[in-house]
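Residue numbering restarts at 1 for every chain, and letters A, B, ... go by the order of the sequence lines.
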Amino acid sequence: MTLRITLALSAVCLLLLSACSTPSAKPDQSAFRNSKLASILVLPPVNQSPDIRGSLTFYATVTRPLSEAGYYVFPVAMVDATFKENGLQMADDIHDAPLSKLQSIFGADAVLYITVEKYGSSYVVLDSQTVVSAKARLVDARTGTLLWQGQASASDAEGRDNNNGLAGVLINSVIHQLASNIGNPGHQVAKLASARLLSPHTGGILYGPRSPNHGKD
Amino acid sequence: MTRFAALAACLLLTACASQDHTLYHWGGYQEQIYEGFQIESSNTSPNKQLQKLQEEQQKAAAKNKPLPPGYQAHMGYLYFQTGQSDKAVMAFEAEKKQFPESTVYMDLVLGKLRQK
């Protein structure tokens, strides 16, 4: 009996641990695997949302998940400044820059193009929710080969259903931080969306060479 | 009771998974990036940012945990902004040493810095 309960709880544990990754069929990632990439240049995201804060807010959240995945991530604030000094103010223009040019400045193995699709609050019946969603394309800077693409979103309404149990509690901690971040409520939600988009999971970014999990996924 | 223990173990496990097994000492680096972008009206400045990053740098050294990618380069950028070119050069060199992946970019930045 005790064993059964332990087993059941272990299963819940596993579910919890994997709750944040989006389930999908295992796609062919041989191009990614063979690319042997070690460094990623994340370009300032293109913003399709009506809130101009979407681009830089999301940009401020990408370093941690990609670094913890085992890659070298170029310092985003400095990268942004480098583009601006060279007359590229708009993310759309930066995304159009030729790979050879990016290569000569940064020497990155891969370039990550992010588009923030949704950023901000929408008001639904009796309630409001803040949603951030983004898509990304990872391109081999040396060959132009598309290595991976993905999409993820997050909302501060996720933890509000009390039926969610422990998962709800975990997400609620994010909401809690959000309450102290009234100026730009999308910031905390962006962190969650970014972690979902850029942390290794099935069909997602593979572990890089600086991670102990490299080559095991 | 057993149920409670297992539940506690489960919470501990998930807590560990999200906290202490990081490769790097983050110490608010991403918050400093965010503040530096001045998305919200705040009273931050390159000097204040540097102070926070220096404090965290010491904590990382005390824990013997590496600083994340870009951290020392970001400090170099702030040193440059505050007119401390010598320290900027040292920080960019330190980034390059810790992360040879940054060599092309750091050499470009160092080259421009030395021209000035």
query: With a 4.5 angstrom heavy-atom cut-off, which part of A:Asp109 approaches chain B: side chain, backbone, both or neither?
result: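 Neither part.
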message: Heavy-atom cut-off 4.5 Å, strictly under: side chain, backbone, both or neither for A:Val62 against chain B?
response: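 Just its backbone gets close to chain B.
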query: B:Glu101 side chain to A:Phe74 main-chain N or O, any donor-acceptor pair under 3.5 Å?
result: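 Between the backbone of A:Phe74 and the side chain of B:Glu101 there is no qualifying donor-acceptor contact (under 3.5 Å).
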Over all atoms of both residues, closest heavy-atom pair of B:His74 and A:Ala77: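 Distance-wise, the nearest heavy atoms are CE1-CB, 3.5 Å.
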query: What heavy-atom pair brings B:Ala73 and A:Pro75 nearest, and what distance separates the two atoms?
result: CB-CG, 3.7 Å
Does a sphere of radius 6.0 Å around [atom1] in [X] hold more than 12 heavy atoms from other residues, nucleotides or ligands, not counting ones at 6.0 Å or beyond?
X	atom1	answer
A:Lys118	NZ	no
A:Asp96	CG	yes
B:Gln51	CD	no
B:Phe80	CZ	no

For the candidates [options], which exhibits the highest count of non-hydrogen atom pairs separated by less than 4.5 Å from chain B?
options	value
A:Thr57, A:Leu66, A:Asp80	A:Thr57
A:Gln103, A:Arg53, A:Arg210	A:Arg210
A:Val76, A:Thr61, A:Leu41	A:Thr61
A:Gly107, A:Ser39, A:Ala38, A:Ser67	A:Ser67

- prompt: Cut-off 3.5 Å, side chains only: do A:Tyr72 and B:Glu95 have a donor facing an acceptor?
  reply: yes
query: To the nearest 0.5 Å, how far apart are CG in B:Leu23 and OG in A:Ser211?
result: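 Between atom CG of B:Leu23 and atom OG of A:Ser211 there are 6.0 Å.
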message: So, taking the atom named CE in A:Met78 and the one named CD1 in B:Ile33, what distance separates them when rounded to the nearest 0.5 Å?
response: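 With rounding to 0.5 Å, CE (A:Met78) is 12.0 Å from CD1 (B:Ile33).
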Below 4.5 Å from any heavy atom of chain A, which atoms of [X] appear? Answer side chain, backbone, both or neither.
X	value
B:Ile39	both
B:Gln98	backbone
B:Tyr71	neither

query: Between B:Tyr29 and A:Arg64, does a side chain to side chain contact (heavy atoms under 4.5 Å, CB included) hold up when you go through it step by step?
result: CA-CA 9 Å; B:Tyr29 172 44; A:Arg64 186 166 175 153; over 6 Å; no
message: As a quick check of understanding, evaluate side chain to side chain contact (heavy atoms under 4.5 Å, CB included) for B:Trp26 and A:Thr63, giving each step before the final call.
response: CA-CA 10 Å; B:Trp26 284 90; A:Thr63 310; 4.1 Å; yes
task: Could you please spell out the steps behind the side-chain hydrogen bond (donor to acceptor under 3.5 Å, both in side chains) verdict for B:Tyr105 and A:Thr82?
output: CA-CA 10 Å; B:Tyr105 188 35; A:Thr82 300; 2.6 Å; yes
message: Check A:Lys191 with B:Glu31, please: is the shortest side-chain N to carboxylate O separation under 4.0 Å?
response: yes
- prompt: In terms of ring plane angle, is the pair B:Phe37 and A:Tyr59 parallel, tilted or perpendicular, where the classes change at 30° and 60°?
  reply: parallel
message: I'd like to check B:Tyr34 versus A:Asn184 (side-chain heavy atoms, cut-off strictly below 4.5 Å). Are they in contact?
response: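 Heavy-atom side-chain distance check passes, below 4.5 Å.
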